[in-house]
Student: 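One structure, as structure tokens, below. Some questions next.
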Amino acid sequence: MKAAEAIVKCLINENVDTVFGYPGGHILEVYEALRKSKIRHVLVRQEQAAAHSASGYARVSGKVGVCITTSGPGATNLITGIATAYMDSIPLVAITGQVNSTKIGRDMFQEADITGATESFTKHSYLVKNENDLPRIIKEAFYIASTGRPGPVLIDIPSDIQAAEIEKLVIPETVNIRGYKPTIKGHVGQIKRAVKAISESKRPLIIAGGGVLLSHAEGELLSFVEKTGIPLVHTLMGKGSLPGDNRHYIGMIGNHGFSEANRAVAKADLLIIIGTRVADRAWGGISDQTNEEARIIHIDVDPAEIGKNVGTHIPLVGDARTILTQMIDRVDRVDTDEWLKELKSFKKEHIKRKKEKAGSIDPKYVIETISKKLDDNAVIVADVGQNQIWAARHFEDKIGRRFLTSGGLGTMGYGLPAAVGAKIAAPDRQVVAVVGDGGFQMSLYELGTISQNNLDIIILLFNNSRLGMVRELQDRYYGKTNAVDLDKNPDFIKLCDAYGIKGVRINSDSELEDAFETAIRHKGPFLLECVVDPNESTIL
Amino acid sequence: MSRHVLSVLVENQSGVLSRVSGLFSRRGYNIDSLSVGETEDPKVSRMTIVVRGDDYILEQIKKQLNKLIDVIKIVELDPQQSVFRELAMIKVNTTMETRASIIEIVSIFRANIVDVSNETLTVEMTGDESKIEAFINLMNNYGIVEVVRTGLTAIERGSRHIKIQTRSEEE
């Protein structure tokens, strides 16, 4: 059997039914084997999108996302997508073609050292030198990508290795890597300390991060919150870890979070941090005011995250879901009534729009409206920038809903291809891609993929003809702006029309409900363009 | 910023050295020296890494190294319980007049002369860093042409040794 066929067999063995990719000269053998297989290949229009789509697919399906590209530029185009997945701990396997193994290092046509180039943002990578190693390597790659703290794994396969003959394909059943044994269960002694700290606390608070969603611990977290009565805030990546209508739900923390959530962190006497590194954007605006006396329990599957950004009194290494399960039976109810009352008093009335501005739409109103209209299992994919923060702050979390965004790397252009992956993973769920006119144009080419596959995605475009978040920063720091003006934007409705995608542009809040109904009813992709004031603010 | 000596067992595979050294530069850790070679098990290499940093940095270095799939085990060596050695080769200018006194110093340091020419003398010596520094200092008086050093390598004293444990996943 040809090694390329073995590769495809190994993928099928890993339960892969969909891959995102772009063919080329040094991955021909794999594509020929794919053609003969039952695996669905989604042709993207640029390789970066293959990684983002695989990421969106992974986040919605709970499986490992797979992307395949050729060597050289195909591989280097993947880099931003791989780095994006790495920063958000998304399980991906990226397969790249490579030049003939005997010619590596001679600067051949379309040669690039992709394992070297991606070293600092892959969880692991392989350059395959012997075709007989392929079954083990693929098995290991999926295992590494999906266990412990998930992340992208890259397999670089030279063209001659793809074409080589494997005598007998034996796929190993288990994986044993002596340098990789992730800790899943929490240390019992530490759990006892954590439970004691909870029982002694007066103002406990949970900070939930993306790790809660990655370990599928939403149910356990809800039980934990209900049993203990402990209120919860979350990071951007932790959005969706607790339904927004739960009485313990306080809100999102961070630079772009809600002040009541940030104040809650500052006032708490016990922080239970679950599945988050508490990065600068989440901790911003809090760190100066944190209660020095506050004790910190940090639950994370990655021991290196504990103590990295915030000091910890009780470290708890392990899987969030497993540890919450271990803790639930041991914890008692904490009397948090006063504390909850105090927290609720922090909550300001959302500033309502003073009056409707002529010719532009209030994006916060848009998100609040679509949040009401969308299904309880809808997937919303936010790009990066103001659109992302509008979506994160105003889209209501419900059990079953998913909010996807590039939280760690902050990759503009993530939204559209990630929505492609999400829709392909869950064809029966509503998928909305929230994008700005900046990020939309970074991935415009994916309109081709969306059209070709007739993906029923609503593209919600906030067009303020600006790189709005940068404009705001420049305004604040320099009083002047530079290089943020997108005034000569194309007519996006016409552009989508050229791809055979229907669309509507609206300029006022009053048009929104009807237009969104149309978008929901429409079968196939739909662009809803909302014209937004160029000076619209991110938060206020 | 105190100095620490780490013994790191890694898979003896291509790319490992680059992953380890890349980690140090990427995360901004200072590395004094790194030496690497095969161990009693040909599938395992042992790196001796000398790093500088406070407790926070040292802890991060160990944890981040541990995240590398190819890293099997990391042990920080206690200077009191370990033997630290480095090999250096030093090429010194010599003349008829200076040769005898150089040879005298070499013998005091229990170093070896590995090459002699009309103008130079090459000395090979092993020792801990202070011994090598002291020797280099003395040789400076004669004029050093070249110094080549391997960086520190280290082993624990007595019967203590670094074992590769096989942990179960659920541990």
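Letters A, B, ... are given to chains in the order of the sequence lines, protein chains preceding strands, and every chain is numbered from 1. This is a predicted model, so every value here is computed, not measured.
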Student: Taking A/Ile144, A/Thr115, A/Ile177, A/Thr322 one by one, which has the highest count of heavy-atom pairs under 4.5 Å against chain B?
Tutor: A/Ile144
Student: Checking B/Ser45 now: which residues fulfil side-chain hydrogen bond (donor to acceptor under 3.5 Å, both in side chains) with it, not counting sequence neighbours?
Tutor: B/Asn12
Student: Under 3.5 Å, is there a donor-acceptor pair between the side chain of B/Asp70 and the main chain of B/Val10?
Tutor: no
Student: Applying a criterion of heavy atom separation less than 4.5 Å, what residues of residues 152-162 of chain B form contacts with chain A?
Tutor: none
Student: Does any backbone or side-chain atom of B/Gln13 lie under 4.5 Å from a heavy atom of chain A? Answer side chain, backbone, both or neither.
Tutor: neither
Student: Checking B/Leu23 against chain A: side chain, backbone, both or neither under 4.5 Å from a heavy atom?
Tutor: neither
Student: Salt bridge or not for A/Glu14 and A/Lys139, using N-O below 4.0 Å?
Tutor: yes
Student: Are a donor atom and an acceptor atom from the side chains of A/Ser101 and A/Asp160 found within less than 3.5 Å of each other?
Tutor: yes
Student: Is there a donor-acceptor pair closer than 3.5 Å between any side-chain N or O of B/Ser117 and the backbone N or O of B/Thr120?
Tutor: yes
Student: Could I get the full list of side-chain hydrogen bond (donor to acceptor under 3.5 Å, both in side chains) partners for B/Arg52, not counting sequence neighbours?
Tutor: B/Asp32
Student: Donor-acceptor pair, B/Thr39 side chain versus B/Val44 backbone, under 3.5 Å?
Tutor: yes
Student: Please evaluate residues A/Glu119 and B/Arg19 with respect to the criterion salt bridge (Lys or Arg N to Asp or Glu O under 4.0 Å), reporting the C-alpha separation (whole Å), side-chain torsions for both, the decisive distance (0.1 Å), and the verdict.
Tutor: CA-CA 7 Å; A/Glu119 197 175 86; B/Arg19 284 196 178 106; 5.2 Å; no
Student: Applying a heavy-atom distance below 4.5 Å, give me the residues of residues 298-314 of chain A that approach chain B, sorted by number.
Tutor: A/Asp302, A/Pro303, A/Ala304, A/Ile306, A/Gly307, A/Lys308
Student: Taking atom types as modelled, is there a side-chain donor on B/Ser2 or B/His4 under 3.5 Å from an acceptor on the other?
Tutor: yes
Student: Would A/Ser146 and A/Lys63 count as having a side-chain donor-acceptor pair, cut-off 3.5 Å?
Tutor: no
Student: Tell me, side chain or backbone of A/Ser125 under 4.5 Å from chain B's heavy atoms, or both, or neither?
Tutor: both
Student: Would you call A/Glu111 and A/Arg106 a salt bridge, taking side-chain N to carboxylate O under 4.0 Å as the test?
Tutor: no
